[in-house]
**Q** 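Starting off with a structure, shown below.
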Amino acid sequence: MTDASQGVAFSRPMVAGNWKMHTTVDEGVALARAVCAAVAATRRVDVAVLPPFTHLWAVRPVLEGTGVRLGAQDVFWKGSGAFTGEISPAMLAGWCDMTLVGHSERRHLFGERDDEVGKKFVASLAHGLQVILAVGETSEERDDGRTFDVVDRQLDAVFAELDGPPAVDAWVIAYEPVWAIGTGRTATPEQAQDVVAHIKQHVRARFLDGSPRVLYGGSVTPANAASLFAERDIDGALVGGVSLRAEEFGVIVAAAETAASARDTD
Ligand code: PEP
């Protein structure tokens with residue numbers, strides 16, 4: 001994998017499907033099967049599904065041998081203890097591949113603070129789980145011209161919890177403008193590229209090792225995926241609503257595959 005900081009874009013994108021609080025366990029298993037079938041021809045893209053916690057153990061065997069990775073939508077930072085309702089990274093380690101931390105619904109609906117996101121991030125890494133760190137501004141923050149300040153603040157709060165730079169493949173950032181999540185209002189490719197490039201710069205200023213992959217998330221569909229992936233710094237997508245429809249999700253993955261091939265031949 002080559003870092004964009006050295007002038008070449010990442011050649012292996014990631015497309016992850018955040019199922020949020022949708023599907024029963026049986027429906028989730030069926031959806032996982034359908035996703036595996038829809039992405040079976042994929043060679044150049046890291047594909048992941050993030051089912052609800054209750055589904056993870058049932059979905060795991062469906063993914064076996066397919067290359068599709070399994071992620072949890074959240075995690076607590078403590079290893080164990082009297083924390084009713086929470087799931088620890090130790091409980092996921094060894095069989096679940098990754099966690100998602102800092103999703104805007106966690107931040108804005110459940111009041112999760114930047115420092116708590118940082119603790120979840122560090123705890124995931126410490127247990128060998130890859131982490132997708134979601135950051136992004138609200139529409140008011142964008143209108144006030146504060147987009148870069150907001151993503152910098154969210155990133156810096158995570159960095160403050162770290163002793164050193166994480167391995168570049170151990171984490172992934174998802175730039176998800178809050179105003180684009182579940183709204184059908186996608187950021188334009190230029191808007192997304194602008195912030196994703198800024199995020200990479202910000203990370204490189206902190207860690208000389210370079211930036212991890214940065215995905216875009218927010219109303220990604222088969223219709224807009226290719227134009228987003230054509231942008232130089234966008235290394236894939238975090239997909240919400242459309243990830244519940246396996247065939248359409250497969251089309252987004254195929255668009256990332258095409259973009260990866262194009263980057264390789266650039
Ligand atoms: C998300 O939940 O991370 C997301 C991007 O949702 P949607 O694709 O539905 O906007």
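Whatever order the structure lists ligands and atoms in, that order sets their numbers, starting from 1.
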**Q** Answer yes or no for Gly184: is there a heavy-atom contact with ligand 1 below 4.0 Å?
**A** no

**Q** Quick one: sort the Trp57 and Trp95 rings into parallel, tilted or perpendicular, breaks at 30° and 60°.
**A** perpendicular

**Q** Please determine whether a side-chain nitrogen of the Lys or Arg among Arg263 and Asp235 lies less than 4.0 Å from a carboxylate oxygen of the Asp or Glu.
**A** yes

**Q** What about Gly240: any of its N or O atoms under 3.5 Å from an N or O on ligand 1?
**A** yes

**Q** Under 4.0 Å between a Lys/Arg side-chain N and an Asp/Glu carboxylate O for Asp115 and Lys119?
**A** yes

**Q** Is a side-chain donor-acceptor pair under 3.5 Å present for Trp179 with Glu137?
**A** yes

**Q** Should you measure from each heavy atom of Ile181, which atoms of ligand 1 turn up under 4.0 Å away?
**A** 1 (C), 2 (O), 4 (C), 6 (O), 10 (O)

**Q** Enumerate the atoms of ligand 1 whose separation from the nearest heavy atom of Gly241 is less than 4.0 angstrom.
**A** 7 (P), 8 (O), 9 (O)

**Q** Going by the side chain to side chain donor-acceptor pair (under 3.5 Å) test, which pairs reach into residues 83-94, not counting sequence neighbours?
**A** none

**Q** Less than 3.5 Å apart, any donor N or O on the side chain of Gln193 or Asp233 sitting next to an acceptor on the other?
**A** yes

**Q** Would Gly218 count as being in polar contact with ligand 1, using the rule that some N or O on each side must be under 3.5 angstrom apart?
**A** no

**Q** Any idea which part of Ser104 is under 4.0 Å from ligand 1, heavy-atom wise: side chain, backbone, both or neither?
**A** neither

**Q** Do Glu105 and ligand 1 have an N or O pair less than 3.5 Å apart?
**A** no

**Q** Would you check whether Glu176 has a nitrogen or oxygen atom less than 3.5 angstrom from a nitrogen or oxygen atom of ligand 1?
**A** yes

**Q** Under 4.0 Å between a Lys/Arg side-chain N and an Asp/Glu carboxylate O for Lys120 and Asp74?
**A** yes

**Q** Show me which atoms of ligand 1 lie under 4.0 Å from any heavy atom of His103.
**A** 1 (C), 2 (O), 3 (O)

**Q** Is there a nitrogen or oxygen of Gly182 sitting under 3.5 Å from a nitrogen or oxygen of ligand 1?
**A** yes

**Q** Of all the atoms in ligand 1, which lie at a distance below 4.0 Å from a heavy atom belonging to Leu238?
**A** 3 (O), 5 (C)

